[in-house]
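Encoded as structure tokens, the structure appears first; notes follow it.
As a basis for the values below, the full set of heavy atoms in this structure was taken, side chains included, without hydrogen atoms, waters or symmetry mates. Read the numbers this way: they start at 1 and go in the same order the structure lists the ligands and their atoms. By convention here, the first residue in the shown sequence is residue 1.
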Amino acid sequence: MNTLCIGLAGSILGLGFLTVASAADPKPEDAVRYRQSVYTVIGWNFKPIGAMMKGEIPFDAAAVARHAQYVEMMSKTAIEGFPKGSGPDAVKNTEAKPEIWTDWNQFETKMTDFQQEAAKLVEVAKGGDQGAIKAQFGKTAETCKACHKEFRKD
Ligand code: HEC
């Protein structure tokens with residue numbers, strides 16, 4: 001009876017471990033697909049805010065607030081898409097530069113800057129003030145550019 005229980009617990013734990021192991025150790029091409037998807041969602045939501053700020057489409061405070069929330073949410077998970085060994089030497093269809101992994105602290109700092117500005121954009125967007133949103137949109141966009149300049153192939 002006891003042995004059976006331990007055996008069962010062991011297999012359940014074993015299965016759990018397998019699941020964790022595969023999630024923590026993704027295939028390089030899956031990591032690339034994940035991060036490109038995350039950035040696709042970020043771009044999808046960031047672009048219309050930019051278009052509103054340029055006056056290309058009408059300003060809509062509720063839409064800005066919603067898009068900003070998606071950008072912020074995705075900013076928190078983007079880093080997970082860059083496990084070691086998922087650089088251009090392992091995967092062809094990536095624009096990630098090898099410097100991400102040789103200069104990881106710098107990359108992480110750029111990611112944190114982005115997260116902070118995206119979080120502020122969510123706050124400012126709630127206020128609905130177009131001028132303040134424009135200023136904070138600009139600051140957030142700077143963090144995209146700063147990282148792309150150093151860590152993404154053009
Ligand atoms: C800390 C670094 C970093 C920040 C911050 C960042 N990006 Fe990127 N971005 C990357 C890297 C690296 C890639 C290339 C990923 C790949 O191809 O593997 C990328 C790719 C993209 C792509 C292309 C996705 C695809 O389908 O291949 C878009 C769009 C994008 N980023 C938009 C943005 C926007 C908009 C922001 C800011 C709101 C932003 N990024 C902030 C590093 C960053």
Between N45, V124, I133, which is the residue that forms a side chain to side chain contact (heavy atoms under 4.5 Å, CB included) with V64?
I133
Need the ligand 1 atom indices (1-based, order shown) with element for anything under 4.0 Å from a heavy-atom of M111.
1 (C)
Heavy atom to atom 14 (C) of ligand 1, shortest distance: which of K110, R152, K97 holds it?
R152
Ligand-residue contact atoms, ligand 1 with F107, heavy atoms, under 4.0 Å
1 (C), 2 (C)
Protein residue, atom and distance nearest to atom 27 (O) of ligand 1, heavy-atom basis
Q36 CG, 3.5 Å
How long is the gap from CG on N93 to CD on E29, to the nearest 0.5 Å?
9.0 Å
Under 4.0 Å from any heavy atom of T40, which atoms of ligand 1 are there?
26 (O)
When you look for heavy atoms under 4.0 Å from ligand 1, do you find them on the side chain of E95, its backbone, both, or neither?
both
Single-linkage hydrophobic cluster F137~I42, side-chain heavy atoms < 4.5 angstrom
yes
Return the closest protein heavy atom for atom 3 (C) of ligand 1 as residue, atom name and distance.
C147 SG, 2.7 Å
Which atoms of ligand 1 sit under 4.0 Å from any heavy atom of I100?
12 (C)
Spatial distance of atom CZ (R33) from atom NZ (K27) [nearest 0.5 Å]
9.0 Å
I need the contact type for R35 against ligand 1. Using non-hydrogen atoms and a strict under-4.0 Å cut-off, is it side chain, backbone, both or neither?
side chain
To which of Y39, Y34, F114 does the heavy atom nearest atom 6 (C) of ligand 1 belong?
Y39
Could you grab the distance from atom CE of M111 to atom NZ of K76, nearest 0.5 Å is fine?
14.0 Å
Side chain to side chain contact (heavy atoms under 4.5 Å, CB included) between S86 and R35: does it pass, once the steps are laid out?
CA-CA 11 Å; S86 65; R35 69 193 179 224; 2.9 Å; yes
Please evaluate residues F114 and K110 with respect to the criterion side chain to side chain contact (heavy atoms under 4.5 Å, CB included), reporting the C-alpha separation (whole Å), side-chain torsions for both, the decisive distance (0.1 Å), and the verdict.
CA-CA 6 Å; F114 166 45; K110 296 241 179 296; over 6 Å; no
Check whether any N, O or S atom of H148, backbone or side chain, sits closer than 2.8 Å to atom 8 (Fe) of ligand 1.
yes
Report, in ascending order of atom number, the atoms of ligand 1 lying under 4.0 Å from any heavy atom of F82.
12 (C)
First locate atom NE2 of H67, then atom CZ of F46, and finally report the distance between them rounded to the nearest 0.5 Å.
12.0 Å
Min heavy-atom dist T140 to ligand 1 below 4.0 Å:
no
Closest non-hydrogen atom pair, Q115 against S75
NE2-O, 3.0 Å
Let me confirm one number: the OG1-NZ distance from T94 to K92, rounded to the nearest 0.5 Å.
13.0 Å
Under a 4.0 angstrom heavy-atom cut-off, which atoms of ligand 1 come close to I42?
34 (C), 35 (C), 36 (C), 38 (C)
Under 4.0 Å from any heavy atom of F151, which atoms of ligand 1 are there?
12 (C)
Could you go through V71 and L121, starting from their C-alpha distance and side-chain angles, then the distance that decides it, and tell me whether this counts as side chain to side chain contact (heavy atoms under 4.5 Å, CB included)?
CA-CA 9 Å; V71 172; L121 184 60; 5.7 Å; no
Among protein heavy atoms, which sits nearest to atom 41 (C) of ligand 1, and what does the distance come to when rounded to 0.1 Å?
C144 CA, 3.6 Å
When you measure from atom 16 (C) of ligand 1 to every protein heavy atom, which one gives the shortest distance, and what is it?
T94 OG1, 3.3 Å
With heavy atoms of T143 as the reference, note each atom of ligand 1 found under 4.0 Å away.
5 (C)
Taking atom NZ as the centre, does K153 end up with more than 12 heavy-atom neighbours from other residues, nucleotides or ligands that are less than 6.0 angstrom away?
yes
At the 4.0 Å heavy-atom cut-off, does V91 count as touching ligand 1?
no
